[in-house]
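Input: a single structure, listed below in structure tokens.
Residue numbers run from 1 in the order of the sequence given. Just so you know, these numbers use all the heavy atoms, side chains as well, and skip hydrogens, waters and symmetry mates. Since the structure is predicted, the reported quantities are computational estimates derived from the model, not experimental observations.
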Amino acid sequence: SIIIDSSNTMFIGAKDKQIGYYSYYGGLWRSDDYGQTFIDIDDGLPINLEISSICLTIDEDLMISIYNYNNDNGIFISYNEGNTWESLGLGGPFIESVFINSHDHIFVSKESGVFRSINNGNTWFEVSNGLPLSLYWSSLTITNNDIVYLLDFNNGVYKSVDNGDNWNLVFPNNYDEIYNNLEKIS
């Protein structure tokens, strides 16, 4: 994941670091000079972290989601460009994506559904009406007029026009159909 704030500070988060044939847990870095140099800003975060998503609040506070197999998952926020971190909770396995709408409502996709907080992460509510029971490799995005889209790798693209309360499938996953047609061609 990568994001750049209004002062051109760049933040990069990775699930994995790869050196030669070896892969190990990821990290989080900041660049204040257009990507010429980077500093590590993951002190205070769980060890063995894998950054699955990065976003900025309306005030440009840095928010990340951590995904790993140690159940140290969660949503974390930094009010000082990654120098210190605060947990916003919502732990549990397989946090895939975090995104914030124009009202500073936080949306998180997890394997178990989509969750929303309207009070800076103090409380979370599941908002998965119309979604499948289990999400796989999901990703969120929100338009300028606060329409929320969710990509679920197994099922397709879902859309919510009511702040995540209800979801409709707008583009079904038809990988099997595509695969079968490719088989017929070959």
Under 4.5 Å between any side-chain heavy atoms of [X] and [Y], yes or no?
X	Y	answer
Tyr149	Ile147	yes
Val170	Tyr158	no
Thr9	Glu81	yes
Asp40	Leu28	no
Leu90	Lys110	yes

Using 0.5 Å steps for rounding, measure from the [atom1] atom of [X] to the [atom2] atom of [Y].
X	Y	atom1	atom2	value
Ile118	Thr123	CD1	OG1	6.5 Å
Ile75	Phe115	CD1	CZ	11.0 Å
Asp33	Asn8	CG	CG	11.5 Å
Leu45	Ile51	CG	CD1	6.5 Å

Identify the heavy atoms of [X] and [Y] that sit nearest to each other, and give their distance.
X	Y	value
Gly13	Ile54	N-CD1, 3.3 Å
Ser112	Glu126	O-OE2, 3.2 Å
Leu169	Asn155	CD1-O, 3.7 Å

Check side-chain hydrogen bond (donor to acceptor under 3.5 Å, both in side chains) between [X] and all other residues, then give those that pass, not counting sequence neighbours.
X	answer
Asn144	none
Asn122	none
Ser139	none
Ser117	Asn119

I'd like to know if the side chain of [X] and the backbone of [Y] have a donor-acceptor N/O pair within less than 3.5 Å.
X	Y	answer
Glu60	Ser6	yes
Trp124	Leu88	yes
Ser160	Trp167	no
Trp85	Ile41	yes
Ser97	Ser109	no

- request: Tell me, yes or no, whether the heavy-atom count around Tyr79 atom OH, taken from other residues, nucleotides or ligands under 6.0 Å, exceeds 12.
  value: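 Check passes, neighbour count above 12.
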message: Taking atom CD1 as the centre, does Ile58 end up with more than 12 heavy-atom neighbours from other residues, nucleotides or ligands that are less than 6.0 angstrom away?
response: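 Yes, CD1 of Ile58 has more than 12 neighbouring heavy atoms, counting only those of other groups under 6.0 Å.
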query: If you look only at pairs with a residue in residues 145-162, which of them pass as a salt bridge (Lys or Arg N to Asp or Glu O under 4.0 Å), with sequence neighbours excluded?
result: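 Matches after skipping sequence neighbours: none remain.
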- prompt: Using a distance-only test with no angle check, is there a side-chain donor-acceptor pair under 3.5 angstrom linking Asn163 and Asn101?
  reply: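 Asn163 vs Asn101: donor-acceptor pair found between side chains.
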Those residues that, when tested against [X], pass side chain to side chain contact (heavy atoms under 4.5 Å, CB included) (two or more places apart):
X	answer
Phe99	Leu140, Thr141, Ile142
Ser87	Phe76
Thr57	Asp59, Asp61, Met63, Ile77, Ile100, Asp104

query: If you group Ile, Leu, Val, Met, Phe, Trp and Tyr by side-chain heavy-atom gaps below 4.5 Å, do Phe125 and Val108 land in one group?
result: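 No; tracing contacts between hydrophobic side chains, which count when under 4.5 Å, never links both residues.
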query: Quick one: salt bridge (charged side-chain N to carboxylate O under 4.0 Å, His left out) partners of Asp32, sequence neighbours excluded?
result: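 Asp32 satisfies salt bridge (charged side-chain N to carboxylate O under 4.0 Å, His left out) with Arg30 only.
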message: Go through it in stages, so that I can follow the logic: the residues are Ile3 and Met10, the test is side-chain contact (heavy atoms from CB on, under 4.5 Å), and I'd like the CA-CA distance, side-chain angles, deciding distance and then a yes or no.
response: CA-CA 6 Å; Ile3 197 161; Met10 181 184 307; over 6 Å; no
task: Take Val157 and Leu150, measure what side-chain contact (heavy atoms from CB on, under 4.5 Å) needs, and give me the verdict at the end.
output: CA-CA 6 Å; Val157 177; Leu150 170 83; over 6 Å; no
field: Step-by-step side-chain contact (heavy atoms from CB on, under 4.5 Å) determination, Ile2 to Phe11
entry: CA-CA 6 Å; Ile2 184 171; Phe11 301 93; over 6 Å; no
- request: Report the C-alpha separation of Trp29 and Ile39 in whole Å, then their side-chain angles, then the decisive distance to 0.1 Å, and conclude whether the side-chain contact (heavy atoms from CB on, under 4.5 Å) test is met.
  value: CA-CA 5 Å; Trp29 300 270; Ile39 59 169; over 6 Å; no
